[in-house]
Amino acid sequence: PFYVSLLLKDSIKWKSYSKVDQSELSVSVAGMLHSILAKLELKYSKFFVTECLSIITVARFGVTECELEDLLSSNLKLRQELTPNSNQNQRISPIFWARLKLELKFPFLVHILAPGSYCVIRWGHSIFRNVAQQRYLSTPDKIMYYHKLLAEFHLNTKLKNLHKLDLKSIFHSNAIFTEECDYFNPRNMLELPLHLVETGQTRVLIGLLTDLRWLMLKIESVGVFELLKDFAFLFDNLPSNKESELIGQLRILKEVLQKSSNSIGRDPKSLPQKLTSHFMAFVFTSEPIKSSGYRLRNPKIDTKYALLIGLLKSAQNLLAPPNLIPLSPSNERVGSEFVYDFCNHRDEITCIRIKDTNVTTGMLVLSSS
């Protein structure tokens with residue numbers, strides 16, 4: 001079906017006097033798409049087509065039209081090529097992208113609703129994405145360039161030639177946390193982790209994953225399971241021999257989030273309380289010191305669990321007054337075997353019954369919703 005639709009899309013542009021050489025018609029979907037893209041490059045500038053489709057290809061979920069226009073306008077060379085006589089600080093006209101989008105309408109590019117309820121543009125099929133990657137992102141340097149471009153864009157740092165232009169992306173000026181603003185664009189939350197990992201900026205990603213504000217806002221904006229995917233991105237791209245104390249603490253944090261996913265998914269504001277009750281077992285004793293919490297078990301542990309202690313202090317600051325701080329560690333010890341989660345239920349679990357059986361089969365747990 002794809003081949004027939006591509007052939008039809010190409011044939012409707014033939015004139016009555018056009019001479020068609022059958023040898024020029026490709027016999028595969030990939031070949032037809034290469035032919036269509038080559039004609040678009042001649043019509044709209046190869047540089048412009050390459051920039052647009054490369055950005056769409058490397059994006060995790062896709063890009064919004066406002067983001068794409070901002071990214072294109074940030075490229076000074078592209079602005080000079082498309083509008084050589086215009087003001088240097090003038091944005092690229094949306095009409096350039098509108099014309100190309102019309103040429104690549106369904107089935108090539110589609111609009112979908114990405115997590116966070118944002119309408120984004122992405123490839124309509126993996127075949128089209130693979131062809132674009134083969135044509136425009138054939139070398140690691142090119143892939144790295146566009147991942148770095150998107151990482152800088154979503155971090156709102158080092159956006160060259162855009163300091164005098166008005167950004168169209170909503171809330172983009174508040175892309176990273178400041179003392180004055182604690183809001184983070186959900187689009188940046190979704191796209192940024194992948195681009196940080198692909199560009200080797202794992203330290204930046206670790207900094208975000210250990211920021212309590214990032215954790216709470218991401219859970220509230222796009223859900224706890226998207227947050228768990230960020231940890232998966234990080235662990236999958238770390239060197240196999242790198243198992244430091246820092247990574248160990250990150251694994252503990254991920255396990256706490258996974259085990260508490262049901263409750264914090266319904267109420268992200270309960271995250272500080274969950275972190276406090278779980279981390280107490282690692283860094284504090286049960287001996288209270290007035291209303292300030294618990295003292296360190298051993299001064300050396302402060303170095304071993306520095307990351308957890310930092311998160312614990314941030315969590316306790318959000319749990320003022322002190323009577324909201326848990327008085328004892330969680331009964332469920334982090335590091336114990338994670339046997340089963342109730343992921344197949346479509347609604348809230350209303351009943352759980354534990355039935356003793358014989359020694360060989362163990363215990364039977366029945367749940368209903």
Side-chain angles (χ1 to χ4, degrees), residues 57-63 114-116 137 140 143-158 175-177 184-261 264-265 268 271-272 274-275 278-279 282-283 303-315 334-338 341 343:
T57 303
V58 300
R60 181 185 173 193
F61 290 102
V63 293
L137 302 168
I143 298 174
M144 178 67 70
Y145 168 77
Y146 288 104
H147 276 299
K148 186 176 181 181
L149 175 66
L150 287 171
E152 292 175 349
F153 177 77
H154 289 296
L155 277 172
N156 198 23
T157 60
K158 209 174 178 181
I176 198 68
F177 286 122
F184 204 104
N185 184 351
R187 280 287 303 148
N188 298 336
M189 287 184 163
L190 284 169
E191 294 286 337
L192 185 57
L194 172 66
H195 302 304
L196 290 177
V197 167
E198 293 294 336
T199 54
Q201 302 181 65
T202 54
R203 284 286 174 181
V204 179
L205 180 55
I206 290 174
L208 292 174
L209 294 178
T210 54
D211 190 315
L212 186 59
R213 294 172 298 176
W214 166 278
L215 298 177
M216 293 179 66
L217 288 172
K218 179 145 190 176
I219 293 171
E220 185 175 359
S221 301
V222 294
V224 65
F225 293 106
E226 288 296 334
L227 178 59
L228 293 174
K229 289 179 184 178
D230 295 348
F231 285 91
F233 279 140
L234 178 63
F235 296 146
D236 291 344
N237 289 273
L238 286 173
S240 57
N241 58 349
K242 188 173 182 179
E243 188 62 38
S244 62
E245 291 181 352
L246 177 62
I247 303 304
Q249 292 177 82
L250 288 172
R251 294 189 186 279
I252 292 173
L253 174 58
K254 180 189 176 183
E255 187 175 345
V256 170
L257 294 172
Q258 187 174 7
K259 289 188 173 183
S260 307
S261 59
I264 62 178
L271 178 61
K274 294 293 182 182
L275 294 180
H278 279 286
F279 290 167
F282 285 91
V283 295
T303 302
K304 183 177 180 180
Y305 294 112
L307 185 151
L308 300 185
I309 290 176
L311 272 173
L312 189 57
K313 290 179 178 178
S314 299
V334 176
S336 58
E337 184 181 0
F338 194 65
D341 61 0
C343 59

With sequence neighbours excluded, residues passing side chain to side chain contact (heavy atoms under 4.5 Å, CB included) with Thr57: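 Thr57 satisfies side chain to side chain contact (heavy atoms under 4.5 Å, CB included) with Trp123, Arg129, Ala132, Gln133, Leu137 once adjacent residues are dropped.
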Pair Glu255 + Arg251, salt bridge at N-O below 4.0 Å: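 Result for this pair is no, no salt bridge flagged.
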Which heavy-atom pair separates [X] from [Y] by the least distance, and what is that distance?
X: Leu212; Y: Pro272; result: CD2-CG, 4.4 Å
X: Pro193; Y: Lys218; result: CG-NZ, 3.9 Å
X: Trp214; Y: Met189; result: CH2-CA, 3.8 Å
X: Pro268; Y: Gly265; result: CD-O, 4.4 Å
X: Ala151; Y: Leu196; result: CB-CD2, 4.4 Å
X: Leu312; Y: Leu275; result: CD1-O, 4.2 Å

In the structure I gave you, are the side-chain heavy atoms of [X] and [Y] within less than 4.5 Å of one another anywhere?
X: Asp230; Y: Leu208; value: no
X: Leu150; Y: Glu191; value: no
X: Leu205; Y: Leu209; value: yes

Set of side-chain hydrogen bond (donor to acceptor under 3.5 Å, both in side chains) partners for Thr199, sequence neighbours left out: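 Partners of Thr199 under the side-chain hydrogen bond (donor to acceptor under 3.5 Å, both in side chains) test: Gln201.
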Under the side-chain hydrogen bond (donor to acceptor under 3.5 Å, both in side chains) test, residues paired with Ser261 that sit two or more places apart: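 side-chain hydrogen bond (donor to acceptor under 3.5 Å, both in side chains) list for Ser261, sorted by chain: empty.
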Which distance, rounded to the nearest 0.5 Å, do you find between the [atom1] of [X] and the [atom2] of [Y]?
X: Ile264; Y: Lys259; atom1: CD1; atom2: NZ; answer: 13.5 Å
X: Glu198; Y: Tyr146; atom1: CD; atom2: OH; answer: 16.0 Å
X: Leu307; Y: Thr210; atom1: CG; atom2: OG1; answer: 5.0 Å
X: Leu227; Y: Leu257; atom1: CG; atom2: CG; answer: 5.5 Å
X: Leu246; Y: Gln249; atom1: CG; atom2: CD; answer: 6.5 Å
X: Ile247; Y: Phe231; atom1: CD1; atom2: CZ; answer: 10.5 Å

Aromatic ring pairing His147/His195, orientation class (parallel under 30°, perpendicular over 60°, tilted between): tilted
Contacts of Glu226 that satisfy salt bridge (Lys or Arg N to Asp or Glu O under 4.0 Å) - sequence neighbours left out: Arg60, Lys229
